[in-house]
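One structure is given below, encoded as structure tokens.
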Amino acid sequence: MSNYHIKHLEEYYQVYRESIKDPENFWEEIAEEHFLWRKRWDKVLSWDFKKPDVKWFEGAQLNITENCIDRHLQIRSDKVAIIFEPNNPDEEAEHITYKQLHERVCAFANVLKSKGIQKGDRVCVYLPMIPDLTVSMLACARIGAIHSIVFAGFSSTALSTRLNDSDCKMVITSDGAYRGAKTLDLKTIVDEALETSPCVESVLLVKRIHSDIKVKEGRDEWVQPLLDRVSLDCPPEIMDAEDPLFILYTSGSTGMPKGMVHSTAGYMVYTAYTFKNIFQYRENDVYWCTADIGWITGHSYIVYGALANGATTLMFEGVPSYPDFGRFWQVVEKHKVNQLYTAPTAIRALAKENLSFIEKYDLSSLKVLGTVGEPINVEAWDWYNDNVGKKNCPIVDTWWQTETGGIMIAPIPYVTPTIPTYATLPLPGIQPALMDESGQELKGNQVEGRLCIKFPWPSMARTVWGNHQRYKDIYFSTFEDKYFTGDGALKDAVGFYRITGRVDDVIIVSGHNLGTAPIENAINEHPAVAESAIVGFPHDIKGKALYGFVILKEVGESRIHDNVRKEINQIIAEHIGPIAKLDKIQFTQGLPKTRSGKIMRRILRKIAENNFEDMGDISTLLNPEVVQDIKDNCIE
Ligand code: WTA
């Protein structure tokens, strides 16, 4: 018997040791007992971090939707797979059983086929958090098409870049989205994006807000009439273990987003295994992850990991503040949620509000509370623990990344002791290493360094779409033979990990990873701007907010400056999305640079934090005199 479900701490340590001693045996047992394979693998693992090249379960054949849907039909056919809670609390929630999900996915898959989509084609899904989002991604997986889900908050430029990068043939979108009191016009964004994305041949439209939109003859089509015409059965395409399942873009420190490619079998095995253990999911639990499916958290822990375990997973269309700040708690009470998985930024936003919003509701169904996306501060952790969990629910602080596919370091609830701000222990099969700047591994406890992973795990991304060299350069070149995460971490006296934050040019704002370069490129498009640099500074709710230092071509009056500030944020919203807008913009005459011309962000970061002590040695700068000037004019 494999150790699929860990129940106490000694068992964790024992399982962990076994998983390190013989990783292949460990994952093989899990794969064998808990999934449906059309053909067994020839080899569990082959790997080489130098190339890098990693393959899990080579030779095996399967379809992930058979594992997430079909195999549950025998015993869970009428069990609810998806609860859909709409944006408006007065609109009725939808309960979709496994049987209904099967029919909807099959029908959608048949529509995709009828539109000429084939195995290996890329299909972009640009939808709000409605059931069709899950259905369409699973429909792609059903027929072997590779889905690329783009968060429906991204702008048309960001969407177009992503469509072109992976040569998407089709976009699935809707007539709009509800978001709190607002509606968003997704179709216009898609239309704009398609002006510069000739690869897209067709657009499927889902009706959500019943708005009057333009339907372009020959390209756009409403999906419902097509769904009404097709069969409710669609045999799954048989996929090889390493066939790509999806592409998901993540921001990097250079201009282009990276299309992380996840493959089928390893991703399935790992997300299912971690879902079971991290959330201690039991058969009749109701599980709710508040992330958007447009991010990896939604892919792995609303959809694939949850459904692979036959779970009931809740999809929420709305926002925590609508119609008021009690909405999360109202949803927990209404659907008797057992596991809640959310982000520190949401916790901080809700913690600012009156406790009466939370006290109105019965939260006694909750058993496990999860957090993800950025380091959680002690105050937020305590508030979550005291007021949501009533000190009765373990908090699982889960560290992982788009690139890792699944949760890597996290406590197992009711097994691992929890400590505020600590992600605690690596999951079985995960071998972290902390490195110093010279590339030496810091062995033992009480060390702090750069977080790497030194052995492959099943759900790691296999490449960057269309650019394997970039994958190698970014993740496998900083430290020899190790995957470098871009994060810093420390290990305490007993070996518990605490993630300290990014050590590269990625800034996490409200849980969204933002690379500095794409934002700076957008700012520099403003005709009045000569150069710019952005850094993060601490923010009560967002965790980090953005501070921009901008050099103008000509210095003007302050009235003009205010206009330029507005215009810069407009350009950023158009190029990337409103999430990347700057909170503070300081106009400056110069930026501190090294003699080789690199901007010294360390100094700008200090200034943005209004922390002028310990600026380090600035004498080696090309232009040390600008530092005083920037300090004198900084925004508090
Ligand atoms: C950060 C989200 C501290 C980290 C699943 C990582 C965290 C990046 C945590 C990945 C956590 C995520 N504690 N930091 N529990 N979880 N991060 O790709 O910097 O959107 O590298 O994946 O978020 O963000 P991504």
Side-chain angles (χ1 to χ4, degrees), residues 149-151 153-154 246-253 257-262 267 270-271 274-275 278 289-305 341-348 369-378 380-381 384 395-411 416 418-427 430 432 448 450-453 459-461 464 474-475 478 483-490 496-516 536 542-544 579-580:
I149 303 182
V150 176
F151 171 60
F154 274 120
F246 64 85
I247 302 169
L248 183 58
Y249 286 89
T250 180
S251 312
S253 32
K258 298 163 281 185
M260 304 312 306
V261 179
H262 281 283
Y267 176 80
Y270 193 79
T271 54
T274 46
F275 176 84
I278 294 298
C289 165
T290 70
D292 192 287
I293 290 175
W295 309 115
I296 192 70
T297 307
H299 280 63
S300 301
Y301 299 109
I302 295 179
V303 182
Y304 289 114
Y341 191 26
T342 192
T345 183
I347 299 169
R348 286 191 299 263
L369 301 176
T371 149
V372 61
E374 60 181 301
I376 181 167
N377 47 313
V378 179
W381 198 100
Y384 201 27
I395 294 185
V396 291
D397 179 354
T398 64
W399 173 82
W400 58 297
Q401 310 179 293
T402 304
E403 296 85 340
T404 68
I407 297 169
M408 303 287 280
I409 304 182
T416 319
T418 60
I419 312 170
T421 77
Y422 277 77
T424 73
L425 295 169
L427 292 175
I430 303 307
E448 178 165 2
R450 302 189 167 212
L451 179 60
C452 289
I453 313 288
S459 67
M460 63 189 292
V464 168
I474 296 174
Y475 303 103
T478 316
Y483 165 82
F484 176 43
T485 65
D487 282 321
L490 60 83
F496 278 27
Y497 286 86
R498 176 183 186 175
I499 311 301
T500 49
R502 300 293 309 184
V503 293
D504 58 8
D505 288 340
V506 172
I507 304 169
I508 304 185
V509 178
S510 299
H512 303 303
N513 296 6
L514 300 172
T516 52
K542 301 180 186 181
K544 286 264 161 64
I579 45 175

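Order of listing sets the numbers, starting from 1, for every ligand and every atom in it. Heavy atoms only: backbone and side chains are in, while hydrogens, waters and symmetry mates are out. Here the structure is a predicted model, which means the values were calculated and not measured.
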Strictly under 6.0 Å, is that where the ring centroids of Trp400 and Tyr270 end up? no
Please name all residues satisfying salt bridge (Lys or Arg N to Asp or Glu O under 4.0 Å) with Lys544, sequence neighbours left out, ordered by chain then number. none
What is the ring orientation for His262 with Phe246, classed by angle as parallel under 30°, tilted 30 to 60°, or perpendicular over 60°? tilted
Donor-acceptor contacts under 3.5 Å from residues 508-515 side chains, at least two apart:
none

Between the protein and ligand 1, are there any N or O atom pairs that come within less than 3.5 Å of each other, and if so, what are their names and distances?
{"residue": "ligand 1", "atom": "13 (N)", "partner": "Glu374", "partner atom": "O", "Å": "3.4"}
{"residue": "ligand 1", "atom": "14 (N)", "partner": "Pro375", "partner atom": "N", "Å": "3.3"}
{"residue": "ligand 1", "atom": "15 (N)", "partner": "Asp397", "partner atom": "OD1", "Å": "2.7"}
{"residue": "ligand 1", "atom": "15 (N)", "partner": "Thr398", "partner atom": "O", "Å": "2.7"}
{"residue": "ligand 1", "atom": "16 (N)", "partner": "Gly373", "partner atom": "N", "Å": "3.1"}
{"residue": "ligand 1", "atom": "16 (N)", "partner": "Thr398", "partner atom": "O", "Å": "3.4"}
{"residue": "ligand 1", "atom": "17 (N)", "partner": "Gly373", "partner atom": "O", "Å": "3.4"}
{"residue": "ligand 1", "atom": "18 (O)", "partner": "Thr402", "partner atom": "N", "Å": "2.8"}
{"residue": "ligand 1", "atom": "18 (O)", "partner": "Thr402", "partner atom": "OG1", "Å": "2.6"}
{"residue": "ligand 1", "atom": "18 (O)", "partner": "Asn513", "partner atom": "ND2", "Å": "3.4"}
{"residue": "ligand 1", "atom": "19 (O)", "partner": "Asp487", "partner atom": "OD1", "Å": "2.6"}
{"residue": "ligand 1", "atom": "19 (O)", "partner": "Asp487", "partner atom": "OD2", "Å": "3.2"}
{"residue": "ligand 1", "atom": "21 (O)", "partner": "Gln401", "partner atom": "NE2", "Å": "2.9"}
{"residue": "ligand 1", "atom": "21 (O)", "partner": "Asp487", "partner atom": "OD1", "Å": "3.4"}
{"residue": "ligand 1", "atom": "21 (O)", "partner": "Asp487", "partner atom": "OD2", "Å": "2.5"}
{"residue": "ligand 1", "atom": "21 (O)", "partner": "Arg502", "partner atom": "NH1", "Å": "2.7"}
{"residue": "ligand 1", "atom": "22 (O)", "partner": "Thr402", "partner atom": "N", "Å": "3.4"}
{"residue": "ligand 1", "atom": "23 (O)", "partner": "Gly373", "partner atom": "O", "Å": "3.1"}
{"residue": "ligand 1", "atom": "24 (O)", "partner": "Asn513", "partner atom": "OD1", "Å": "3.4"}
{"residue": "ligand 1", "atom": "24 (O)", "partner": "Asn513", "partner atom": "ND2", "Å": "3.0"}

Are Tyr249 and Phe154 an aromatic pair by the rule of ring centers under 6.0 Å? no
Among residues at least two apart in sequence or on other chains, which ones pass side-chain contact (heavy atoms from CB on, under 4.5 Å) with Ala380? Ile347, Arg348, Ile376, Asn377
